[in-house]
Amino acid sequence: MTAAAARPGDRAAWLRRDAEKISGSLPPLLVEAEHLARSLMAGVHGRRRPGPGETFWQYRPAHPGDTLAQIDWRRSGRSDRLFIRQMEWEAAETVMIWADRSAAMEFRSDKAPRSKAERACLLTLALGVLLSRGDERFGLLGTEAEPPRTGQSQLLRMASILTAEPERRADHAPVPQIHLPRISRAVYISDFLGPEAEIFPALANAAGRGIGGILVQILDPAEEDFPFAGRTRFESMTRAVRYDAEQAAGLREAYRGRLAERRERLAHAGRGWQVIHHRTDESPRRALLALYRALGGA
Amino acid sequence: MLTVGSLAFLNPWILAGLAALPILWWLLRAIPPSPRRQAFAAVRLLLGLEDREREAEKTPWWLLMLRIVAVAAAFVGFAQPVLNPASRVLADRDGPLLLVMDQGWASAPDWEARRAAAVSALDEAREAGRDVLFWPLGEIAQGGALPPQADADAVRPVLAGLEPASWAPGRARLLEALEAGEVPAPGQTIWLHDGLDHGAAEEAEALLSALDAAGPLRLIGPAAPTRAVVPPRLEEGRLAVGVRRVPGEPAAVGVAAIAETETGAERRIAVATAELGAGEGEGDALFDLPPELLREVTRVVLTDGPSAAGAALANGAIRRVPVGVVDPGRDAAVVSLTSASHYLRKALLPFADVREGTLSEMLAREPAALVLADYGAIAEGDRERLTQWIEEEGGLLVRFAGPRLAASISDSLGTGAVVAAEDPLLPVRLRRGGRVLGGALAWSSPRRFGPFDPDGVFRRLAANEEVEVRTQVLAEPGPELASRVWATLDDGTPLVTARTLGTGHVVLFHVTADAEWSSLPLSGLFVEMLGRLLALAPGHAPAVPEEGALDGTLWRADLVIGPRGVPEAPQGATDTVPGERLAALTAGPGLPPGLYARADRGERRAGEPAELVLSLMRPEDRLAALPPAPTGAVVETVGGTEPVRYAAAFLTAALVLALLDVIGTLWVSGRLSRPVSGVASGPGAAGAAGTAAALLLVALAAPDAARAQAVAPEDRTAVEATAETTLGYIRTGEARVDRVSARALHGLGFTLTQRTAVEPGPPVGVDPETDELAFYAILYWPLTGDTVPSPTALARLSDYIEGGGLLLIDTQSAASGFGTASAGQMRAIARALNLPPLAPVDQDHVLSRAFYLLDRFPGRWRGGRVWAEAARSRSQAEEDGDIPQFDRIDDNVSPVVVGSADWASAWAMDDEGSFMFPVGRAGDRQREMALRFGVNLVLYALTGNYKSDQVHAPEVLRRLGQ
C-alpha cells in the first residue's frame with residue numbers, strides 16, 4: 001500500500017477517501033439531530049416571556065415598586081394610568097451539556113434500536129441545534145468544545161467530537177464539574193448507574209454552585225425490565241465488575257427496587273435539578289421535548 | 001461370558017462399570033451447567049443482592065438421564081452383548097473349529113443365510129481364539145489335499161467368495177479323511193448341511209457318525225425343505241413338470257414356465273402348482289397351454305427357492321417336433337395353393353418342423369408325427385414300420401380321408417362285404433362309400449361342427465360356426481366307436497376319430513386336408529386342432545442315449561444351468577467332455593447340468609442325438625432326507641437362532657446420546673436458542689456453538705461441495721464453448737486489446753445473428769498456452785506489440801490449424817502484414833505455425849463471396865491486403881487456358897487469414913449496441929463492409945468451399961448455353 005500511495009493519483013484517492021470518511025459520519029448524526037430539533041420547533045416557539053431584550057413584548061400597568069425609569073411615558077400619556085414597556089427576553093443563556101460516553105453507555109440490548117451512547121449523542125446534538133437557533137451559547141463539558149459558543153461551527157465541533165471513536169474508557173465516567181463563570185444551565189445526559197459514592201457527591205457539588213440543571217437518565221429497556229433468567233454471570237462492559245446469579249429471574253424484583261432507589265436519590269441529588277427519564281426504545285423526540293421545556297423554552 | 005436368558009455378555013466384567021452410575025449421577029447433579037455470560041451495564045446495582053434461589057438452578061433431570069443412559073449404553077456396548085449366543089462348546093474343548101459346509105445345489109436357495117451362519121461360526125471361533133478348518137463340500141475332489149487350518153479372519157475371504165455349485169455336494173473326501181484320521185481332533189464340528197442324502201444314504205450316515213465321533217457336533221440344516229423339478233414331459237397335450245421333495249407336510253409347490261420371446265428376452269408365461277400331500281415326495285405341476293405357446297417353453301423353474309435342480313430345460317422333450325407330411329396328390333413340379341400339403345404345411349408350421357416327401361422317406365427320418373393326406377393303401381413294408389413306429393416310439397399318425405382312402409376301402413372290401421376288416425392304421429372301421437351333404441340333388445344341407453368334448457383333446461376349442469362339411473367318410477357303428485370319437489358334426493356323426501396303438505396314436509379326420517370336402521382347412525380351427533394333436537407327439541430327443549452310443553464322441557456345453565437355476569453361458573467355453581462321461585448323465589464338477597452339443601466333427605451314427613440335455617434330476621430320481629442326527633448332536637436350522645451382536649448398536653446409541661447431550665447442554669445454558677445480547681458478548685460461548693454447528697455442516701456438505709468443484713471449471717468452459725458456435729479470440733495479455741477483441745466478436749456475433757443462420761454464443765478469450773482451442777471454429781488473433789508467443793503456444797496453435805481451425809491474424813497496423821515493423825515477428829510466427837504459402841486474397845477467392853459479394857476487406861483501416869493460403873500449384877493441364885478450369889481454387893479452407901485492417905475496432909460494439917470506435921472517413925459504409933467481411937469469414941470458416949462453385953457459375957452457365 002505504501003508503494004501504491006507513492007503515486008500522485010493514488011494519494012489523491014486516499015485523500016478523498018479519508019475526507020469522505022471524516023465527513024461521512026458527521027452529517028447523518030447532525031442531520032438527524034436537526035431533523036429532530038425541527039420537528040420540535042414546529043410546536044414550541046420562542047421564549048415568549050418578558051425579559052432583557054430589544055424587541056417590544058408588551059405594555060403592562062405599573063405596579064408599586066417599579067422604578068420611574070421603567071415607565072413608558074408615551075404610552076402612559078395616552079391614558080390615566082402608568083404603563084411599563086417590556087421587551088421580549090432575548091438575553092442569551094449559556095447551557096453546558098455533558099454527554100456521558102463511558103463504556104457503560106455502549107450497552108444495547110436486543111430490544112433497543114440504539115445504544116445509550118448513541119441516543120445521548122443524538123439528544124446532545126439536537127439540543128445543540130435548538131439552542132443554536134435560539135442563539136444561545138452552549139458547550140460540551142469535558143471536551144474541546146467546552147467553552148460555550150453558538151452557531152453552526154460550535155455544532156459541527158460538537159458533532160465531530162461526539163462521532164469520533166472515544167479512546168479506552170472506564171465503565172463509568174466521573175460527573176464533570178462546571179468551572180466556567182456565568183453559566184445559567186447544565187444538562188447532564190448519562191445513565192447515572194455508576195458507583196453512588198462517585199455520582200451523588202459530584203452532582204451535589206455541581207448543583208451547589210447555584211446553577212439550574214437537568215439530569216437526563218438514559219436507560220436501556222433491559223436495564224429497566226431486567227428480562228434475564230437462568231444461571232447468568234453479569235459482567236460490566238469492561239468486565240471489571242461481575243456478578244454471578246444462580247437464577248437471574250429471582251433477582252428481578254430486587255433489582256428493580258435498587259433501580260427505583262437510585263432514581264429516587266437522583267431526583268433529590270441536584271436540589272431542584274429536574275430529572276428526565278428516557279428509555280432507548282422510546283422516541284428521542286419525547287426526551288428532547290421534555291428537555292427543551294425544562295430548559296425554560298415555554 | 002455371562003448369560004442372562006438368551007442374552008450373553010462376552011466381556012461381562014465391564015458391566016461392573018454400571019455400578020459407578022449412581023456416583024456419576026451424584027457428580028453430575030453437583031456440577032451445574034456453566035453460567036451464561038451476559039454483559040450488563042447496570043451490574044453495580046446487582047452487587048450485594050442476595051440470590052435467594054441459589055439451589056434452584058441445576059442440571060435438568062432429563063439431561064442427567066441422557067448422560068446416564070449414554071454412559072450406561074457405552075458400558076453395555078463394551079461388554080459385547082450377544083442375543084442367542086452360540087453354544088459354548090469351543091470354550092470347553094481344545095482343537096480347531098471344523099466348519100463343514102454343503103456346497104451343492106440344495107444349498108443355493110438359502111445360501112446367504114448359510115453364509116451368515118458360517119460367518120457367525122467364524123465369529124465364535126475368533127472369540128474363542130481357535131483356528132478354523134473350513135471344509136466346503138464340493139470343492140475338494142476325491143484324494144485332494146485337506147483345506148488348511150487357518151485363523152478365522154483368514155477364512156472369511158474364502159467364505160465370501162464361495163458360491164453354491166450346480167451339482168450334489170461331494171462328501172466322500174471328508175468321510176475318507178475322517179476315517180483315515182487326517183483331520184485333527186476338532187474342538188467342535190459344525191456341519192451346515194442341506195438336509196439331503198443325495199442318493200447316498202450310507203455315505204451320509206457314515207459321515208454323520210464319523211463327525212460325531214470326532215468331536216461335539218452341531219448340525220445346521222435348512223429351514224425350508226428343498227425342492228427340485230425333473231425335466232418336463234408332455235402328458236395328454238399338457239406340459240407336466242414333476243416336482244420332487246423330501247416327504248413331509250402337505251405343500252403347494254409353484255412352478256413357472258419360462259419362454260423366450262421373439263426379441264430373445266425371457267418371459268414367464270405360466271405358473272402352475274403341484275399339490276403335494278402329507279408324506280408325498282413327488283407330484284406334478286400341469287400346464288394347460290395353447291400348443292404354440294407350449295412349444296416355446298424353454299425351461300421350467302420353481303417359483304421360490306431357485307437352485308440348479310429347481311430348473312429344468314425343456315429342450316428335447318417338448319420343443320418343436322419334426323413332422324412328416326405325405327401327400328400322394330402333390331405334384332412336386334407345381335406349386336399349388338389349394339393342395340392338401342399346402343394347407344397342412346401352413347397349419348403345422350407354428351408348432352413343428354415340417355418335412356415333406358414319400359412315406360418311406362418320412363419314416364426314415366424318424367419324425368414325431370406323420371400326417372398322411374388321403375393316403376390309400378399302404379405298402380406292406382411301410383405298414384410294418386409304421387405300426388412299429390407308432391407302437392414302440394409313441395409316434396402320432398394323423399390321417400385325412402379323401403377319394404384315395406375311400407377307394408382303398410372299397411378295394412379291400414371286395415364286392416360282398418359292407419364293412420371293412422379292422423385296420424390297425426385306421427382308428428375305426430369305415431363304411432363303403434361316404435355321404436354327400438348339400439349339393440344340387442341332395443335334400444340335406446352341409447353340416448357344421450358339433451361342440452367338442454370338454455375333457456377331450458380338443459377341449460375348450462370353439463366349434464367354428466362357419467365350417468361346413470359337405471362330404472365325409474363314415475365310421476362303421478360299433479361298440480367301441482363312441483370311445484374313439486374326438487369330434488363330431490352337429491348331428492353326431494363322427495368327424496375325427498382316434499385310437500391308441502401301443503404308446504402312440506392314430507387319428508383320422510373323416511374329411512380331406514384340402515378344401516374339397518369341407519371348409520375346415522380354410523379355418524383357424526384347423527390350425528388349432530392340429531396344434532392340439534401335435535401336443536400328443538413325443539419329443540424327438542431321447543432322454544437317455546443308448547448304451548455306448550456316445551462312445552468316442554466329444555461334447556461341449558452350449559448352455560449351463562447356474563447354481564441359482566438361471567441358464568448362463570458356460571464358463572470354460574472350450575472345455576469338451578468325452579461322450580463316455582456324459583453318457584452317465586450325472587452332473588458333477590466340470591459337468592454342470594445344461595444343454596450339450598456335439599463338439600467333434602465325427603460321423604453321426606443312427607440313433608445318436610445331436611444335442612443332449614443333462615439334467616440334475618432325472619424323472620426317476622427322488623429326494624431323501626439326511627439320516628437322523630446322532631444322539632448328542634445339536635440340531636439347528638439355518639437362520640433360526642443366529643447370534644445377534646448388539647455391541648455396535650449400543651455404542652452407536654451411546655455416541656448419539658453424547659451428541660444429544662452436547663446439544664442439550666448448549667440449549668440449557670441458553671447458547672443454542674438465542675444469541676447473547678450486549679456488545680461485549682463473550683466470544684467463546686455462542687461462537688463455539690456456532691462454529692461447531694458450522695463445522696458439522698461443512699463436514700457433512702464437504703463431499704458434495706468437493707465433487708461439485710471437481711467437475712466445474714474446464715468442463716463448464718467446454719460445455720459452454722461447444723453448446724453453441726463460439727467465436728474465440730486469443731488473449732494478448734494487454735487488457736485494452738483483449739477488451740476490444742471481446743467487444744468486436746460480440747458485435748460480429750450480433751451481426752451474424754441478425755443476418756445469418758449463425759447465432760454464436762458469447763465470445764471466449766483463450767490463452768493458447770493453456771486453454772483448449774479445438775472448440776472454436778475461428779480464432780481472432782490481434783497481433784499487437786512485439787511479443788512472440790511462447791513455443792508451447794505456437795505449437796498448440798499449429799495443432800489447432802492442422803485440426804481444421806481458422807486463425808484470423810490482425811496486425812491492426814493499417815499496413816500489409818509482411819512489410820512493416822512486425823514483419824520479423826510475423827515471419828517467426830509463420831515459421832512456428834508451419835503455415836502454407838500465402839497469397840493475397842483476390843476476386844475469385846471464396847472469402848469474397850461466402851455470403852456477401854465483396855471486392856475489398858476493410859476494417860478500421862482501408863487499403864491493406866488480406867492474405868490467405870495460396871492456391872495449390874497447378875498441373876500442366878490446369879495451366880492450359882483452353883481447358884475449362886473447375887478446380888482452380890483449392891478445396892481446403894485456408895488455415896489462416898492475415899490482415900492489418902484492425903477489424904476488431906470496426907466490429908467492436910458495446911452493450912447498448914452502439915459501435916465503440918469511429919471508422920475511417922467513409923463512415924458507416926466502411927463499417928458495413930468490415931462487418932460483411934466478418935460475416936463472410938465466419939461462414940467461410942463454417943462452410944468451407946461450399947460457395948466456391950459460385951466462382952464457376954458463369955462458366956457453367958456458358959457451357960449450358962451451348
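Here is the naming used below: chain letters follow the sequence lines, and residue numbers restart at 1 for every chain.
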Q.
Between A/Y243 and B/F40, is the ring centroid distance below 6.0 Å?
A. no
Tell me, yes or no, whether the heavy-atom count around [X] atom [atom1], taken from other residues, nucleotides or ligands under 6.0 Å, exceeds 12.
| X | atom1 | result |
| --- | --- | --- |
| B/W62 | CH2 | yes |
| A/R286 | CZ | no |
| B/F78 | CZ | no |
| A/E144 | CD | no |

**Q.** Distance in Å, A/E235 CD paired with B/Q38 CD, rounded so as to fall on 0.5 Å steps
**A.** 9.5 Å
Ignoring hydrogens, what is the shortest heavy-atom contact between [X] and [Y]? Give both atom names and the distance.
| X | Y | answer |
| --- | --- | --- |
| B/A39 | A/M237 | CB-SD, 4.3 Å |
| B/A41 | A/A104 | CB-O, 3.5 Å |
| A/Y255 | B/A42 | OH-CB, 3.2 Å |

Q. Okay, side chain of A/R258, backbone of B/L47: is any donor-acceptor separation there less than 3.5 Å?
A. yes
Q | Residue pair A/F234 / B/L45, side-chain heavy-atom distance below 4.5 Å | A | no
Q.
I need the residue from A/E261, A/E223, A/K116 with the largest number of non-hydrogen atom pairs under 4.5 Å to chain B.
A. A/E223
Q.
Below 4.5 Å, heavy-atom pairs only: which of A/R262, A/H172, A/M105, A/R242 has the largest tally toward chain B?
A. A/H172
**Q.** Under 4.5 Å from a heavy atom of chain B, the part of A/L219 involved
**A.** neither
